*Asks:* 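Sharing a structure with you now.
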Amino acid sequence: MTRSAAAWACGVALISAGTTLGAHTSEAPLTECRVPGIRHAVRCGVVQRALDPAQPAGTTIEVHYIVVPAMARRKLPDPVFLLAGGPGQSAIGIAAGTLPLFSRLNNRRDIVFVDQRGTGRSAALECAEAEHAPLAAQADPDRQFEQLMACKAALLKLPYVRSPNDLGLFTTMIAVQDLDAVRQQLGAARINLVGVSYGTRVALEYLRQFPSAVRRSVLDAVAPPDMALPASFSTDGQAAWDALLRACEGDPACHRRYPALRADWATLLKSVPKPVSVAHPLTGTTERFTLTREMVLGAVRGALYAPAVAAGLPAAITEAAGGRYGGLVGVGALLSSRKASQPALGMHFSVVCAEDVPKLTDPGQDSNPGHPAPANPPGADFGSDQATLYQRVCARWPRGEVPAAFYQVPPSPAPALLFSGGLDPATPPRHGERMARALGPTARHVVVPNAGHGVMAIGCARDVVYRFIDAEHDRDATAVNASCLSTIPRPPAFQPITAPAGVSE
């Protein structure tokens, strides 16, 4: 479960490097502070928020944010808000890594990173984890469940969690009200939203509650409110894996190197569970554990998030079918090992248990009229094990209230630019297309055929985003030319380097 949640958070982790807030923040007015990885000083702020909006005189929490000031003296009045992924990722934590994507926008606009409630420095709901968890811990769903229940017990001892029901007060619907409080404190009449992965759900909900406060929105790797996250993981992960198999079979070089890839995959799945010995990809220590089907699928799913990493899967699967598992374990851990990709798991489950898991039993309830929630049939290989574990955890996790209106995305009065990666195993184009229809004629959906989970960091995407947000008139924003993204190639399958004949290693 930890690896799956971390992979979901890769929507921003793919374009960032981990960092932490280095200075203590204080109540408004903003104070100068430093963030490791950002060269110049930034401004730190905090808003005091009621934990429960229905009890404004009750427990309060601090929602922290940073502002990277515009470089120009005569800046524009509409800042850009970066909405992090996860759910559970700290926006401040990935600020240093993502800021280069907005360097042109930052010339005349402030860039704002808000730690959503439950993340980073905003009443975090973090689970204690070993820096490099043993591989065995990733292979045992019962052990994962026990760790999450222990995390829940620890969270209930936090000073801002007075009762179990308080864990249900970290939903997206409440979080966007905190976000608007930051907007008001900054004195911005309108803002530009840039959401990645789960951050797109935050953007959609902000659009629903505060449509007049949005000037432009960019939704990269679209995660609709009704996507039923655990089930869609299986459907979309299977589709991405099947596409990789077909791509290898259709590519002469890949097929020549891995002619039995599909058969090797079947052999590998039939061989598990089995005891194996593998060097931990981060510590180098050899560990002995039982390799399970879910661990194999988790490694494949994690690698599929980034096409450059997925290019190593044919070699890893072929090796694993022959009894050598180091490549598979290493490829699967490559993305989720990044510090910035680790979500606050307590917040992750508070969101998913309230918003997604109920849709597993009634997917059509409360969906957009004319844009019903998609079917999520279990993948032939990926099955329903992950959804089962989420349901098991959520049966014991306090569930917040989510109104029917949350799942209904109204037309957007402001231009919206949606990005989808054609190879994305988590938020493929089917989700972006449906949300573009719901948002109406102001929405533009751009599919990048050979992109994975998250488009903004590749090729010319950052320039497209700049021109979309910077355009003076709405009609020019909607008409922005994104054709440069269609030429991005799919990375070729990894070819191991071998010594020439007659040369000793």
Side-chain angles (χ1 to χ4, degrees), residues 4 6-16 82-86 89 94 98 101 194-201 203-204 217-224 227 229 232-248 300-313 331 334-336 338 341 374 376 379 382 416-436 443-465 468 480 482-493:
S4 298
W8 174 251
C10 281
V12 176
L14 290 176
I15 58 176
S16 66
L82 189 283
L83 309 175
Q89 198 168 44
I94 52 90
T98 55
L101 298 178
V194 178
V196 182
S197 192
Y198 163 73
T200 66
R201 180 180 294 186
L204 289 168
S217 60
V218 177
L219 311 180
D220 186 7
V222 184
M227 73 183 297
L229 172 60
S232 66
F233 263 170
S234 178
T235 304
D236 297 329
Q238 185 72 51
W241 173 238
D242 289 343
L244 186 146
L245 290 173
R246 291 193 301 270
C248 186
V300 170
R301 184 188 298 112
L304 287 170
Y305 273 65
V309 178
L313 283 174
V331 166
L334 188 59
L335 295 179
S336 60
R338 294 189 179 189
S341 71
N376 290 308
F382 286 85
L417 178 63
L418 289 71
F419 287 122
S420 295
L423 307 180
D424 190 346
T427 56
R430 70 181 182 124
H431 300 294
E433 180 62 32
R434 192 166 59 90
M435 287 300 96
R444 168 92 177 277
H445 184 212
V446 176
V447 177
V448 184
N450 290 317
H453 189 62
V455 167
M456 283 195 300
I458 64 175
C460 62
R462 71 183 69 188
D463 294 325
V464 174
V465 171
F468 172 77
V480 65
S483 60
C484 55
L485 290 167
S486 63
T487 61
I488 294 173
R490 182 172 191 151

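As the structure is a computational prediction, the values presented were derived from the model and not from experiment.
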*Asks:* If only atom types and distance count, is the side chain of T200 paired as donor or acceptor with the main-chain N or O of A223 below 3.5 Å?
*Replies:*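 Yes.
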*Asks:* Under 3.5 Å, is there a donor-acceptor pair between the side chain of R434 and the main chain of P224?
*Replies:*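 Between the backbone of P224 and the side chain of R434 there is no qualifying donor-acceptor contact (under 3.5 Å).
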*Asks:* Walk me through it: do L417 and V446 pass the test side-chain contact (heavy atoms from CB on, under 4.5 Å)?
*Replies:* CA-CA 8 Å; L417 178 63; V446 176; 3.9 Å; yes
*Asks:* Heavy atoms only: give me the nearest F468-S217 pair and the separation to one decimal.
*Replies:*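 Answer, listing the atom of F468 first, then S217: CE2-O, 3.4 Å.
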*Asks:* Got a second to check how far L82's CG is from L101's CG, nearest 0.5 Å?
*Replies:*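 L82 CG to L101 CG: 8.5 Å, rounded to 0.5 Å.
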*Asks:* So, Q89 side chain and A84 main chain: donor-acceptor pair closer than 3.5 Å or not?
*Replies:*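 Absent.
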*Asks:* Can you tell me how far the CG atom of L219 sits from the CE atom of M435, to the nearest 0.5 Å?
*Replies:*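 Interatomic distance, L219 CG to M435 CE, rounded to 0.5 Å: 10.0 Å.
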*Asks:* Nearest 0.5 Å, please: how far is CG in L83 from OG in S197?
*Replies:*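 Atom-to-atom, S197:OG and L83:CG are 11.5 Å apart.
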*Asks:* Begin from the C-alpha positions of V222 and H445 and carry the test side-chain contact (heavy atoms from CB on, under 4.5 Å) through to its verdict.
*Replies:* CA-CA 10 Å; V222 184; H445 184 212; 5.7 Å; no
*Asks:* Within this structure, what is the OG1-CG distance for the pair T487 and N450, rounded to the nearest 0.5 Å?
*Replies:*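 It is 9.5 Å, given to the nearest 0.5 Å.
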*Asks:* Might you point out which heavy atoms bring P429 and G421 nearest each other, and give the distance in Å?
*Replies:*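 For P429 and G421, the tightest heavy-atom pair comes out as CD-O, 3.4 Å.
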*Asks:* For residues S420 and V455, determine if any side-chain heavy atom of one lies less than 4.5 Å from a side-chain heavy atom of the other.
*Replies:*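 Not in contact.
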*Asks:* Where do R430 and T235 land on the side-chain contact (heavy atoms from CB on, under 4.5 Å) test, with the steps shown first?
*Replies:* CA-CA 11 Å; R430 70 181 182 124; T235 304; 3.8 Å; yes
*Asks:* Assess whether side-chain contact (heavy atoms from CB on, under 4.5 Å) is satisfied between L244 and V300, documenting all intermediate values.
*Replies:* CA-CA 11 Å; L244 186 146; V300 170; over 6 Å; no
*Asks:* What is the minimum heavy-atom distance between A443 and L418, and which atoms define it?
*Replies:*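 Distance-wise, the nearest heavy atoms are CB-CD1, 4.2 Å.
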*Asks:* Might you point out which heavy atoms bring G454 and A221 nearest each other, and give the distance in Å?
*Replies:*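 That would be N-CB, 4.0 Å.
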*Asks:* Mind checking whether V465 and F419 have side chains closer than 4.5 Å, heavy atoms only?
*Replies:*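 Contact flag for V465/F419 side chains = yes.
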*Asks:* Are the side chain of D220 and the backbone N or O of V196 linked by a donor-acceptor pair below 3.5 Å?
*Replies:*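 Looks like no, no N/O pair under 3.5 Å.
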*Asks:* Between atom CH2 of W241 and atom CZ of R246, what is the distance when rounded to the nearest 0.5 Å?
*Replies:*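 Nearest 0.5 Å value for the CH2-CZ distance: 12.0 Å.
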*Asks:* Would you say the side-chain atoms of N376 pair up with the backbone N or O of M227, donor to acceptor, closer than 3.5 Å?
*Replies:*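 At least one qualifying donor-acceptor pair exists.
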*Asks:* Of all heavy-atom pairs between A451 and P307, which one has the smallest distance, and what is that distance?
*Replies:*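 Minimum heavy-atom separation between A451 and P307: C-CG, 4.0 Å.
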*Asks:* Where do G237 and L304 come nearest, in terms of heavy atoms and distance?
*Replies:*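 Smallest heavy-atom distance, with atoms named: O-CD1, 3.9 Å.
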*Asks:* Distance alone, cut at 3.5 Å: any donor-acceptor contact between the side chains of H431 and D424?
*Replies:*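 No.
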